[in-house]
Amino acid sequence: MPTVRSHPRSYPPQTKMGDIPIWCHHHCYKMSAKGANNIQGSSLTIKGSAATLHIAFDPKIGRAEAPWVLSWEIKYSFTEKVVGVTVFTTEDMKQAFGLTDDRPDEENWLLERFGGSVAQQGHYIRYGPFLNIPGPGIGHDGDPNISIKIDSEIKAAVVKLITGRL
């Protein structure tokens, strides 16, 4: 288990279009947890115009220590898309979605190289409200990483999902 400590220092990434990290796609602003059906039982769906992230509590698919299964789909066109799946611990969920800035010491190299507040190699990187799953990307069309700007609705939905399962 990695050592996790509170680190007040972020590593500022290069940015584009004002404040978006270069590894984050600008469609991150289109992602939303709004809607009556975004939380159903043990799952949450965050959607945008071309991307969908589904988070489910499922220790049978995940692992006992990492029961959160995150799956995403990004559509590039009517015929092309990419899909991905990873599993998170509850701490990963809190760190990735901005509920805490505590981070594993081992991931400082990832933050120093790409810039960010918290990261877990192969799972996520976040700088302030900008989140990429499973890691930094090219920040343009064709990127297989899902990019999300975490707003108050997304954060509240993740808190509701986590606290409902603990």
Side-chain angles (χ1 to χ4, degrees), residues 1-7 9-33 44-58 61-63 65-76 80-151 154-155 157-158 161-162:
M1 184 77 166
T3 303
V4 177
R5 294 195 179 112
S6 180
H7 296 273
R9 181 172 169 224
S10 288
Y11 296 85
Q14 290 181 328
T15 59
K16 61 183 179 185
M17 298 174 65
D19 60 349
I20 302 173
I22 59 168
W23 42 257
C24 186
H25 195 286
H26 63 275
H27 283 193
C28 65
Y29 282 100
K30 296 180 179 183
M31 300 299 287
S32 174
L44 165 66
T45 300
I46 300 170
K47 295 182 81 167
S49 59
T52 302
L53 173 66
H54 185 73
I55 305 169
F57 182 83
D58 194 339
I61 294 175
R63 303 182 309 272
E65 69 276 8
W68 298 100
V69 179
L70 287 78
S71 58
W72 63 94
E73 176 181 282
I74 304 166
K75 295 179 184 175
Y76 302 133
E80 298 176 310
K81 68 179 178 180
V82 67
V83 297
V85 178
T86 190
V87 293
F88 276 22
T89 65
T90 299
E91 283 305 308
D92 289 335
M93 290 285 291
K94 291 176 182 177
Q95 293 163 1
F97 287 94
L99 308 180
T100 179
D101 280 335
D102 293 349
R103 68 173 186 254
D105 286 338
E106 296 84 35
E107 305 309 329
N108 280 343
W109 73 269
L110 188 61
L111 297 172
E112 289 170 1
R113 181 167 181 182
F114 294 100
S117 305
V118 295
Q120 183 76 298
Q121 182 180 356
H123 294 282
Y124 64 88
I125 188 167
R126 180 176 56 79
Y127 181 68
F130 298 100
L131 171 64
N132 255 33
I133 298 171
I138 59 172
H140 295 283
D141 291 349
D143 193 339
N145 300 283
I146 191 163
S147 298
I148 300 167
K149 181 172 185 290
I150 303 164
D151 61 18
I154 290 173
K155 192 177 276 192
V158 170
L161 181 66
I162 291 172

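As the structure is a computational prediction, the values presented were derived from the model and not from experiment.
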Query raised in the report: So which heavy atom on Trp23 is nearest to which on Gly115, and how close?
Result: NE1-O, 3.3 Å
Query raised in the report: Within a strict 4.5 Å, meaning less than it, do heavy atoms of the Phe114 and Ile125 side chains meet?
Result: yes
**Report entry** Side chain to side chain, Cys24 and Tyr127, heavy atoms closer than 4.5 Å
**Finding:** no
Query raised in the report: Which residues pass the side chain to side chain donor-acceptor pair (under 3.5 Å) test with Asp151, sequence neighbours left out?
Result: none
Query raised in the report: Between Ser117 and Asp101, do the side chains contain an N or O donor and an N or O acceptor separated by less than 3.5 Å?
Result: no
Under 3.5 Å, which donor-acceptor pairs do the side chains of residues 47-57 form with other protein atoms, sequence neighbours left out?
from	atom 1	to	atom 2	distance (Å)
His54	ND1	Thr45	OG1	3.0

Query - Residue pair Ile146 / Met31, side-chain heavy-atom distance below 4.5 Å - result: yes
Query raised in the report: Have Asn145 and His25 got a donor and an acceptor in their side chains that come within less than 3.5 Å?
Result: no
Query raised in the report: Does some side-chain heavy atom of Val87 sit less than 4.5 Å from a side-chain heavy atom of Trp68?
Result: no
Report summary line: In Leu99, Leu70, Thr100, the residue satisfying side chain to side chain contact (heavy atoms under 4.5 Å, CB included) with Met93 is Leu70
**Report entry** By ring-ring contact (aromatic ring centres under 6.0 Å, His included) - contacts of Phe88 (at least two apart)
**Finding:** His123, Tyr124
Requested in this report: Could you walk me through whether Phe130 and Ser147 pass the side-chain contact (heavy atoms from CB on, under 4.5 Å) test, one step at a time?
Outcome: CA-CA 7 Å; Phe130 298 100; Ser147 298; over 6 Å; no
Report task. May I ask you to test the Ile150-Arg126 pair for a side-chain heavy-atom distance under 4.5 Å? Result -> yes
**Report entry** Any Leu44 side-chain heavy atom under 4.5 Å of Ile46 side chain
**Finding:** yes
